[in-house]
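The next block holds one structure in the form of structure tokens; read it before the comments.
What's counted below: heavy atoms across the whole structure, side chains too, no hydrogens, waters or symmetry copies. Below, chains carry the letters A, B, ... as their sequence lines are ordered, and counting in each starts from 1.
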There are 2 protein chains.
Amino acid sequence: MTSYKDKKVITIGVVHELTGLSERQIRYYEERGLVFPDRSKKGTRKYSFNDVELLMDIANKREEGVQTYEIRQDMKKEEKKRQVREEMLRGQLNAHFNMRK
Amino acid sequence: MTSYKDKKVITIGVVHELTGLSERQIRYYEERGLVFPDRSKKGTRKYSFNDVELLMDIANKREEGVQTYEIRQDMKKEEKKRQVREEMLRGQLNAHFNMRK
DNA sequence: CGTGTAAGGAATTCTGACACG
DNA sequence: CGTGTAAGGAATTCTGACACG
């Protein structure tokens with residue numbers, strides 16, 4: 001379920017190289033609740049490949065002039081949708097198995 | 001063809017955390033030709049998830065008392081096998097397509 | 001042979017702040 | 001709001017070497 005894409009192992013310097021974003025920008029997007037890196041014991045940020053992809057999406061939105069606040073709202077909506085879909089699926093599965101009982 | 005598993009983005013410190021090997025050991029295995037990290041512009045080593053897996057295999061072999069030299073020989077043999085298999089496949093494909101001409 | 005360690009330097013990362021707008 | 005930058009400190013990484021065995 002958790003693959004390499006989700007493992008938080010990339011330092012901010014490498015994320016900078018991969019995305020072209022400045023470290024300042026990357027930290028700021030975290031401040032705005034758009035990315036959530038892990039922290040090593042000593043406090044350095046660790047990102048996953050998923051985070052890198054997300055940051056590239058954010059970079060594109062920013063270029064279009066979308067504000068971080070709006071990006072955050074959109075991300076919340078997406079999250080909501082995903083939850084609803086999951087609940088529906090769960091409900092159907094339950095109904096199915098209840099019928100077979 | 002090249003996935004996240006092959007992307008060299010992990011610093012030696014994180015590799016240490018993931019494998020349990022000391023940085024000294026990790027660098028030594030490189031010296032012996034067992035792993036080949038990339039280098040960032042400034043010279044710090046970058047490993048891939050594949051490298052991490054390889055290092056864990058090496059760690060197991062070492063625990064069994066296998067010397068780095070032998071591990072290297074085995075890796076070369078494996079590499080050879082892979083090449084032969086590829087050449088055979090290529091040959092069969094060629095024969096196949098030549099027949100259809 | 002394989003690994004630990006101390007050494008000194010260079011590069012990285014962190015935070016909080018000021019700047020501009 | 002979003003980003004650059006200088007500041008000072010702490011943590012990371014690098015290399016070459018000595019040590020033990």
* If dA19(C) has a Watson-Crick or G-U wobble mate with both distances under 3.5 Å, name it; if not, just say none. => dT3(D)
* Pairing partner of dT12(C) (Watson-Crick or G-U wobble, both distances under 3.5 Å) -> dA10(D)
* To do: Could you tell me the separation between the CZ atom of Arg24(B) and the P atom of dC18(D), rounded to a whole number of Å?
  => 13 Å
* Atom-pair distance (CZ on Arg39(B); P on dC14(D)), nearest Å -> 6 Å
* Which part of the nucleic acid, if any, lies within contact of Arg32(B), taking any heavy atom under 4.0 Å across all strands shown: a base, the sugar-phosphate backbone alone, or nothing? -> sugar-phosphate
* Asked: Does CZ belonging to Arg39(A) count more than 12 external heavy atoms closer than 6.0 Å?
  -> yes
* Asked: What's the closest nucleotide to the Ile12(A) side chain, out of dG4(D), dT3(D), dT13(C)?
  -> dT13(C)
* Structure fact -> Nearest heavy-atom contact between Tyr47(B) and Thr11(B) is CD1-C, 4.4 Å
* Ring centroid separation for Tyr4(A) and Phe49(B), is it under 6.0 angstrom? -> yes
* Please state whether the base of dT13(D) and the side chain of Arg45(B) form at least one donor-acceptor pair under 3.5 Å? => no
* To do: Would you classify Ser40(B) as touching base, sugar-phosphate or nothing, given that sugar-phosphate means primed atoms plus P, OP1 and OP2, and contacts are heavy atoms under 4.0 Å?
  => nothing
* Round to a whole Å and report the spacing from CD1 of Ile26(B) to C1' of dT15(D). => 16 Å
* Grab the CD-P distance between Glu30(B) and dG2(C) for me, whole Å please. => 15 Å
* OP1 or OP2 of dG2(C) sitting under 4.0 Å from any side-chain N/O of Tyr28(B)? -> yes
* Structure fact -> Glu31(A) CD to dG4(D) P, in whole Å, measures 14 Å
* Are Arg82(A) and Glu79(A) within salt-bridge range, i.e. N to O under 4.0 Å? -> yes
* Asked: Closest to the Gln25(B) side chain: dT13(D), dG4(C), dT3(D)?
  -> dG4(C)
* Structure fact -> Comparing Thr68(A) with Lys42(A), nearest DNA chain D nucleotide closer to 5' gives the residue Thr68(A)
